[in-house]
Student: 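Shown below is the structure under consideration.
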Amino acid sequence: QVQLVESGGGLVQNGGSLRLSCIASGRTFSSITMGWFRQAPGKEREFVAVISRSGQTTSYSDSVKGRFTISRDNARNTVYLQMNSLKPEDTALYYCAADVGLFVRTTESYYDSWGQGTQVTVSS
C-alpha cells in the first residue's frame, strides 16, 4: 500500500493559480503511475490528470487541458499539479492516487491508493 499526502490547496480568485503537491511513501515512487482526481460538492469524483512512471507520458481531462500541468520528481517522491487560469467550476476536493499497474489509465477503479484530499476553492 502506498501512503499519499496532498498539500497546496486553498482559496484563490477566478483566473488565479495554485500548485498542488502529493508526497508518496511505502513503495518505490518510480514504479507508480500517479493521477489527480477531484470531487465537487454533489458530484461524482472525476479524473483530472495522470503521469506515467517516468514522467514522459501525461493525459488530461478535456476540462483542464491547456490550463493544468501534471509533473513529478522521482527523487523527491512527489507529484505536482500546476493549476493556472482557475475557474469557479474547478472548486473541488482534489485527490492524488497511485496506480501500480503498467499503463497510464484514467479510470479511478485502477488506482490502489488515495490521499485524504486537499480543498481548492475558486471565488468568482
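All heavy atoms count here, side chains included; hydrogens, waters and symmetry mates do not.
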Student: Any sub-3.5 Å donor-acceptor pair from Arg27's side-chain atoms to Ala98's backbone N or O?
Tutor: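 No; zero donor-acceptor contacts below 3.5 Å.
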Student: Return the CG to OG distance between Asn14 and Ser85, rounded to the nearest 0.5 Å.
Tutor: 9.5 Å
Student: Spell out, as yes or no, whether a donor-acceptor pair under 3.5 Å connects the side chain of Glu6 to the backbone of Cys22.
Tutor: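 Here the side-chain-to-backbone pair does not exist.
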Student: Please say whether more than 12 non-hydrogen atoms of neighbouring residues, nucleotides or ligands are located less than 6.0 Å from CD in Gln116.
Tutor: yes
Student: Would you mind reporting whether Asp99 and Asp112 have side-chain heavy atoms less than 4.5 Å apart?
Tutor: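 The answer is yes, as the side chains (C-beta and beyond) meet within the 4.5 Å cut-off.
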Student: Okay, side chain of Asn74, backbone of Thr28: is any donor-acceptor separation there less than 3.5 Å?
Tutor: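 Here the side-chain-to-backbone pair does not exist.
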Student: Does Arg105 offer a backbone N or O that forms a donor-acceptor pair with the side chain of Tyr111 under 3.5 Å?
Tutor: yes
Student: Check Leu20 against Trp36 and note the closest heavy-atom contact, atom names and distance.
Tutor: CB-CH2, 3.7 Å
Student: For the hydrophobic clusters of this structure (ILVMFWY residues joined by side-chain heavy atoms under 4.5 Å, transitively), does one cluster hold both Tyr80 and Val48?
Tutor: no
Student: When you compare the side chain of Val12 with that of Ser17, does any pair of heavy atoms fall below 4.5 Å?
Tutor: no
Student: Between Phe37 and Trp114, is the gap from one ring center to the other below 6.0 Å?
Tutor: yes
Student: Could you check whether any side-chain N or O of Thr91 sits under 3.5 Å from a backbone N or O of Val122, counting only pairs where one atom can act as donor and the other as acceptor?
Tutor: yes
Student: Between Arg53 (side chain) and Val104 (backbone), is there a donor-acceptor pair under 3.5 Å?
Tutor: no
Student: Kindly compute the distance separating NZ (Lys43) from CG (Leu93), expressed to the nearest 0.5 Å.
Tutor: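 Rounded to the nearest 0.5 Å, the NZ-CG separation comes to 14.5 Å.
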Student: How long is the straight-line distance from CG of Leu18 back to CG of Leu11, given to the nearest 0.5 Å?
Tutor: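 Going from CG on Leu11 over to CG on Leu18, the span is 9.0 Å.
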Student: OH of Tyr94 to CG of Leu81: how many Å apart, nearest 0.5 Å?
Tutor: 7.5 Å
Student: Does the side chain of Tyr60 reach to within under 4.5 Å of the side chain of Ile70, using non-hydrogen atoms?
Tutor: yes
Student: Considering residues at least two apart in sequence or located in another chain, which fulfil the salt bridge (charged side-chain N to carboxylate O under 4.0 Å, His left out) criterion with Arg19?
Tutor: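 Not a single residue meets the salt bridge (charged side-chain N to carboxylate O under 4.0 Å, His left out) criterion with Arg19.
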Student: Would you say the side-chain atoms of Ser63 and Ser61 include a donor-acceptor pair closer than 3.5 Å?
Tutor: yes
Student: Would you indicate whether Glu89, at its atom CD, is surrounded by more than 12 heavy atoms from other residues, nucleotides or ligands within a distance under 6.0 Å?
Tutor: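 Enclosed: over 12 neighbouring heavy atoms sit under 6.0 Å from CD of Glu89.
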Student: Report yes or no: does Arg76 contribute a side-chain atom to a donor-acceptor pair with the main-chain N or O of Ile23 at less than 3.5 Å?
Tutor: no
Student: Out of curiosity, does Leu4 fall in the hydrophobic cluster containing Val120 (side-chain heavy atoms, cut-off under 4.5 Å, transitive links)?
Tutor: yes
Student: Taking atom OH of Tyr110 as the centre, report whether more than 12 heavy atoms of other residues, nucleotides or ligands fall under 6.0 Å from it.
Tutor: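 Check fails, neighbour count at 12 or below.
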Student: Using modelled atom types only, decide if a donor and an acceptor are shared between the side chain of Gln82 and the backbone of Thr69 within a distance under 3.5 Å.
Tutor: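 No; judged by distance alone, with no hydrogens or angles, the pair does not exist.
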Student: Nearest 0.5 Å, what's the OG-CD1 distance between Ser59 and Ile51?
Tutor: 11.0 Å
Student: Is the shortest side-chain heavy-atom distance between Gln13 and Ser123 below 4.5 Å?
Tutor: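 Yes; the side chains approach each other to less than 4.5 Å.
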Student: Roughly how far, to the nearest 0.5 Å, is OG of Ser30 from CG of Asp73?
Tutor: 11.5 Å
Student: Less than 4.0 angstrom from a charged side-chain N to a carboxylate O is my criterion; do Asp90 and Lys87 meet it?
Tutor: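 No, no charged N to carboxylate O under 4.0 Å.
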Student: So which heavy atom on Ser21 is nearest to which on Thr78, and how close?
Tutor: CB-CG2, 4.3 Å
Student: For the residue pair Ser71 and Val79, what are the closest heavy atoms and their distance?
Tutor: O-CG2, 3.2 Å
Student: Find out whether Thr33 and Val50 are in side-chain contact, i.e. whether some heavy atom of one side chain is under 4.5 Å from a heavy atom of the other.
Tutor: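 The answer is yes, as the side chains (C-beta and beyond) meet within the 4.5 Å cut-off.
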Student: Knowing that exactly one of Glu46, Glu44, Glu108 qualifies, which makes a salt bridge (Lys or Arg N to Asp or Glu O under 4.0 Å) with Arg38?
Tutor: Glu46
